[in-house]
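Computed from a predicted model, the values in this text were never measured in an experiment. Below, chains carry the letters A, B, ... as their sequence lines are ordered, and counting in each starts from 1. Atoms considered below: every heavy atom in the structure, side chains included; atoms not considered: hydrogens, waters and symmetry mates.
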There are 2 protein chains.
Amino acid sequence: MSDADLLFKALADKGRRKLLDRLYAQDSQTLSELCRHLAMTRQGVTQHLAVLEAASLVAVQRRGREKLHFLNPVPLQQIYDRWIYKFEKPRLKALSSLKRRLEGGQG
Amino acid sequence: MSDADLLFKALADKGRRKLLDRLYAQDSQTLSELCRHLAMTRQGVTQHLAVLEAASLVAVQRRGREKLHFLNPVPLQQIYDRWIYKFEKPRLKALSSLKRRLEGGQG
DNA sequence: ATAATAGGCAAGTAATTACTTGCATGTCAA
DNA sequence: TTGACATGCAAGTAATTACTTGCCTATTAT
C-alpha cells in the first residue's frame with residue numbers, strides 16, 4: 001500500500017478524524033484519555049490509532065505503562081501538494097489572470 | 001453522511017483517484033473513454049464515478065447517448081481549509097517565528 | 001504483595017465496499 | 001429500420017473494514 005493510500009484511507013473514517021481533532025485540541029494524550037471522548041471500546045480506538053500511525057499521522061512514545069500519542073501534520077502537506085495545489089492551480093491561475101484583466105493589465 | 005465524509009471516502013480509493021487524474025489530464029471525457037485506462041469493467045468505473053459525483057468532485061453533463069464528466073476541484077478547497085491549513089498553521093507559525101529569530105527579529 | 005490501572009493480542013462477527021455478470025434502454029449511423 | 005455503440009439497472013459474490021469480547025502482561029500505588 002502506497003503512502004498516499006495509507007494516508008487517504010486513514011482520513012476516510014469519521015472516528016479517526018475525530019481522534020486527530022482530539023490530538024489537535026490537546027497533544028500527547030494517552031490511549032485511555034483518548035478513549036474517554038469516543039463512543040467506542042478501547043480496542044476500537046487502539047485499532048484506529050494503529051491506522052493513523054501506519055499513515056504517520058500519529059507518532060507514539062511510551063512512558064511507563066502509558067502510551068502517549070502525538071499529532072504529526074507533515075503527511076497532510078503531501079496531500080496538499082499532490083491533490084489540492086495541483087488541482088486548484090489552474091483555477092487560481094484563471095482567477096488571477098481574470099483579476100489582472102479587470103484591472104487593465106495584459107492578462 | 002456528511003460532506004466531509006463523502007469527500008474523504010471518495011478520495012480513499014486508488015481507482016477513484018486515478019479517475020480524477022485522468023480528468024485532470026483531460027476534462028470532459030465520456031464513460032467509455034475513462035474506461036480505456038482502467039483495468040476494470042465499465043460497471044466498476046460507473047460505480048466509482050457515482051461516488052465521485054456524490055462528493056461533488058465530478059460533475060456530469062449528458063450529450064445524446066454520451067455522459068461527459070468534468071472535474072470539480074472546489075471541494076478539495078474544503079479539505080484544505082478544514083484539514084490542511086488548520087493542522088499546518090501551528091507548524092508554519094513556529095517555522096516563521098524561528099525564521100524571524102534567526103534573522104535577528106524579536107521572534 | 002496485591003489490587004488497580006494501562007495497554008496488548010487474537011479470534012470472531014457484522015457491516016461496508018469493490019467488483020462482476022447479465023440484461024435492458026436509449027441514441028446514432030448506414 | 002437494423003446494427004453498433006453508450007450507458008443504466010439489479011442482483012450476487014468476494015474482499016475489506018469496523019467493532020466487539022475475552023483473556024493476558026506490564027506498571028504503578030497502597
Tell me which residues in residues 15-27 of chain B put a heavy atom below 4.0 Å from DNA chain C, sorted by number, or none. B/Arg16

Could you tell me whether the side chain of A/Glu33 and the main chain of A/Thr30 form a donor-acceptor pair under 3.5 Å? yes

Looking at DNA chain C, which of residues 50-69 of chain B put a heavy atom within less than 4.0 Å of it? B/Gly64, B/Arg65

At their closest point, which heavy atom of A/Ala55 faces which heavy atom of A/Leu7, and how far apart are they? O-CD1, 3.7 Å

Could you give the start and end, 5' to 3', of the contact zone on DNA chain D for chain A, using atoms under 4.0 Å from its heavy atoms? D/dT17 to D/dT28

Using modelled atom types and a 3.5 Å cut-off, is there a donor and acceptor pairing between side-chain atoms of B/Glu88 and backbone atoms of B/Tyr85? no

Listed once per pair and sorted, the ring-ring contact (aromatic ring centres under 6.0 Å, His included) pairs that draw on residues 23-53 of chain B, sequence neighbours left out: A/Phe87-B/Tyr24

Determine the minimum heavy-atom distance between A/Gly15 and A/Leu38, stating which atoms define it. O-CD1, 4.3 Å

Side chain to side chain, B/Glu53 and B/Asn72, heavy atoms closer than 4.5 Å: no

Grab the two heavy atoms, one from B/Phe70 and one from B/Leu23, that are nearest each other, plus how far apart they are. C-CD1, 4.4 Å

What residues 31-47 of chain B contributes to the DNA chain C interface at heavy-atom separation below 4.0 Å is B/Met40, B/Thr41, B/Gln43, B/Gly44, B/Gln47

State plainly whether the residues B/Lys9 and A/Asp13 are in salt-bridge range, i.e. N to O under 4.0 Å. no

Check for a donor-acceptor pair, side chain of B/Arg17 on one end and backbone N or O of B/Leu11 on the other, with a separation under 3.5 Å. yes

Of all of residues 3-12 of chain A, which get a heavy atom below 4.0 angstrom from DNA chain D, listed by number? A/Lys9

Distance-only, no hydrogens or angles: does the B/Arg16 side chain make a donor-acceptor pair with backbone N or O of B/Val45 under 3.5 Å? no

Please give me the minimum heavy-atom distance between A/Ser28 and A/Leu68, naming the atom from each residue. O-CD2, 3.9 Å

Between B/Cys35 and B/Arg42, what is the shortest heavy-atom contact and its length? SG-CA, 3.7 Å

Is any side-chain heavy atom of A/Lys67 closer than 4.5 Å to one of A/Leu34? no

Determine whether A/Arg22 and A/Asp27 satisfy the following criterion, salt bridge (charged side-chain N to carboxylate O under 4.0 Å, His left out), listing intermediate values before the conclusion. CA-CA 8 Å; A/Arg22 301 299 317 171; A/Asp27 213 10; over 6 Å; no

Closest approach of B/Phe8 to B/Ile79 (non-hydrogen atoms, all atoms of both residues): CE2-CD1, 3.9 Å

